[in-house]
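Numbers here are sequence positions counted from 1.
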Amino acid sequence: MSISTPLPRDPGRWKALVFICLAQLMVVLDGTIVNIALPSAQHDLGFSDANRQWVVTAYALAFGSLLLFGGRIADLWGRKRAFVTGVIGFAAASALGGVAANTGMLMGARALQGVFGALLAPAALSLLTVTFTEAKERAKAFGVYGAIAGGGAALGLILGGVLTEYLTWRWTLLVNIFFAAAAALGALVYVHDARTGHPHGRRLDLPGVALASGGLACLVYGFTRAESDGWSAATTLGLTGAGAVLLIGFVILEAGVRAPLLPLRVILDRNRGGAFACLATAVIGMFGLLLFLTFYLQAVQGFSPLKCGLAFLPMTAGMMIGATQIGSRLAPRLPARALMVPGYLVAAAGLVILAQITPDSSYATVVLPGMVVMGLGMGTAMMPAMSLATHGVVSQDSGVASAMVNTSQQIGGAIGTALLNTIAASATASYTHQHAATDPAATGHLYLQATVHGYATAIWWAAGFLTLAAALAALLLNHRPLPAAPAPATGEDAHHLTTVH
């Protein structure tokens with residue numbers, strides 16, 4: 001019987017962390033940086049409101065549907081190779097979008113961004129997983145990564161506002177070239193991928209790829225259609241139903257094939273599966289903040305795109321403090337749920353504060369404290385959630401496990417956008433109907449009141465989803481760190497050396 005020994009720590013691992021996180025920041029920024037630029041791009045290229053939605057949807061569809069495929073490619077092909085390829089491809093697609101001459105070219109570039117993002121994101125997280133295995137170092141690394149994952153969207157609003165206001169909308173895409181150049185060069189020098197062999201040679205589960213990609217694409221697009229057509233529309237029901245059937249078929253297939261795209265052991269582990277569920281549920285809640293608060297600050301309070309982006313800085317700072325100063329310091333000593341449960345509840349309390357908004361609310365007395373509390377809570381919970389979602393997974397499955405982290409967030413985001421928009425629209429219509437007869441002359445004021453009431457109602461629901469995430473963490477998670485554990489080995493041994501169930 002052979003005894004596995006821990007691999008020596010990579011002396012350049014902290015420099016590698018910088019470039020891994022830089023690439024991840026590029027992907028996260030892209031989720032919001034383009035949104036602020038959309039009105040300017042629409043005016044410049046002359047596309048319709050319907051096509052404006054596709055500039056966002058093309059990216060979401062490609063990214064969300066191909067994440068599992070990208071994660072398995074990273075496992076089979078090599079994490080570093082997949083990472084560098086994803087970074088370079090994402091930059092090339094961004095350059096194509098930045099010089100787009102028409103709507104089709106812009107949409108095609110956004111779809112290509114999604115394709116390469118689906119390769120890059122799981123490769124980045126899996127590299128982090130296999131590079132940092134010692135408990136305290138892993139906590140610090142995932143603290144930084146969690147802060148970027150949580151706060152990057154708000155930073156995208158800031159950067160998008162700056163670039164759109166002082167340069168042109170095209171720079172919201174072209175700026176990725178600089179991020180990518182630094183990340184790719186740094187990765188070539190400092191990122192190392194300790195290979196431990198392939199799980200089943202170089203076989204790829206092509207039927208699994210087709211079922212998973214098709215199912216996820218149907219779900220993401222179905223939720224997108226629900227936002228515009230309603231949940232009872234035939235298109236919405238058909239797409240979400242088809243997505244559910246394809247994903248059920250995918251699970252059945254994976255249980256029987258020799259070389260599955262997603263080994264079921266990755267999601268059936270109690271703690272990993274619980275972490276995936278918590279992440280998806282919490283992201284639904286986060287959209288109650290990012291989506292409706294952006295609308296509120298610009299449409300109701302009259303903030304410019306740049307001022308709106310800067311208004312999110314306190315939330316970003318709160319997330320960074322929560323992830324790097326609270327989560328990463330306590331994670332090596334406390335069970336994951338001891339951080340995630342209070343973290344999600346604090347974040348929910350922040351949303352309860354934000355749900356008090358009115359058309360005349362002051363940023364300093366309502367929005368600012370709500371953002372800070374929300375950021376602290378989410379940062380504290382995000383760090384252990386992302387770490388636990390990839391903890392103890394065998395090395396050859398790290399890519400697909402990392403892809404599941406991103407898939408959980410992507411599906412949660414798609415559900416959150418559609419569901420909370422529907423709730424807000426319904427609450428606005430109900431408020432208008434109830435108050436129109438009492439004050440028929442004050443049409444403009446009533447519209448404003450009704451709109452803000454819709455936003456506040458959706459934020460209340462978002463707080464409920466974060467409370468649900470806290471409940472899931474309390475019920476599902478039982479992971480406890482071992483005190484003073486030695487640096488864990490790779491592969492299956494790592495699971496037994498570092499985890500107590």
Measure the shortest side-chain to side-chain distance between [X] and [Y] over non-hydrogen atoms and say whether it is less than 4.5 angstrom.
X      : Y      : answer
Phe312 : Leu297 : yes
Phe63  : Val115 : no
Pro122 : Leu67  : yes
Cys21  : Met26  : no

Listed by chain and number, what are the side chain to side chain contact (heavy atoms under 4.5 Å, CB included) partners of [X], not counting sequence neighbours?
X      : answer
Thr380 : Ile326, Leu339
Ala473 : Cys278, Met340, Val341, Leu477
Ala111 : Ala58
Ile321 : Gln325, Leu376

Provide the closest heavy-atom pair for [X] versus [Y] in the form atom of the first, atom of the second, distance.
X      : Y      : value
Ser213 : Leu66  : OG-CD2, 3.8 Å
Ala389 : Leu279 : CB-CD1, 4.4 Å
Leu264 : Val251 : CD1-O, 4.1 Å
Ala183 : Phe19  : CB-O, 3.8 Å
Ala463 : Ala348 : O-CB, 3.6 Å
Thr164 : Ser40  : CG2-OG, 3.5 Å

Subject >> Among Val346, Leu293, Leu466, Ile353, the one residue meeting side-chain contact (heavy atoms from CB on, under 4.5 Å) with Met374 >> reply: Leu466

Original post:
Excluding sequence neighbours, so at least two apart, what forms salt bridge (charged side-chain N to carboxylate O under 4.0 Å, His left out) with Arg337?
Top reply: none

When rounded to the nearest 0.5 angstrom, what is the spacing between [atom1] in [X] and [atom2] in [Y]?
X      : Y      : atom1 : atom2 : result
Ile20  : Ser126 : CD1   : OG    : 8.5 Å
Gln449 : Thr428 : CD    : OG1   : 11.5 Å
Leu173 : Trp171 : CG    : CH2   : 11.0 Å
Ser328 : Glu137 : OG    : CD    : 12.5 Å
Leu219 : Ser65  : CG    : OG    : 11.0 Å
Lys307 : Gln301 : NZ    : CD    : 8.5 Å

Subject >> Criterion side-chain contact (heavy atoms from CB on, under 4.5 Å) on Thr281 and Tyr344, from CA distance to verdict >> reply: CA-CA 10 Å; Thr281 307; Tyr344 286 137; over 6 Å; no

Original post:
Between Ser94 and Gln113, does any side-chain donor sit less than 3.5 Å from a side-chain acceptor?
Top reply: yes

**OP:** Measure the acute angle between the ring planes of Phe292 and Phe295, then classify it against the limits of 30° and 60° as parallel, tilted or perpendicular.
**Re:** perpendicular

Original post:
Does atom NZ of Lys140 have more than 12 heavy-atom neighbours, drawn from other residues, nucleotides or ligands, at distances under 6.0 Å?
Top reply: no

Original post:
Just wondering, are more than 12 heavy atoms of other shown residues or ligands nearer than 6.0 Å to CH2 in Trp461?
Top reply: no

Original post:
Within 45° of the ring axis of Phe83 and under 6.0 Å from its six-membered ring centre, is that where the NZ or CZ of Lys80 lies?
Top reply: no

Pairs under 3.5 angstrom only: tabulate donor-acceptor contacts from the side chains of residues 363-372 to other protein residues two or more places apart or in another chain.
from   : atom 1 : to     : atom 2 : distance (Å)
Tyr363 : OH     : Ala311 : O      : 2.7
Thr365 : OG1    : Ser362 : O      : 3.4

Original post:
Does any N or O in the side chain of Arg272 come within less than 3.5 Å of the main-chain N or O of Arg265, such that one atom is a donor and the other an acceptor?
Top reply: yes

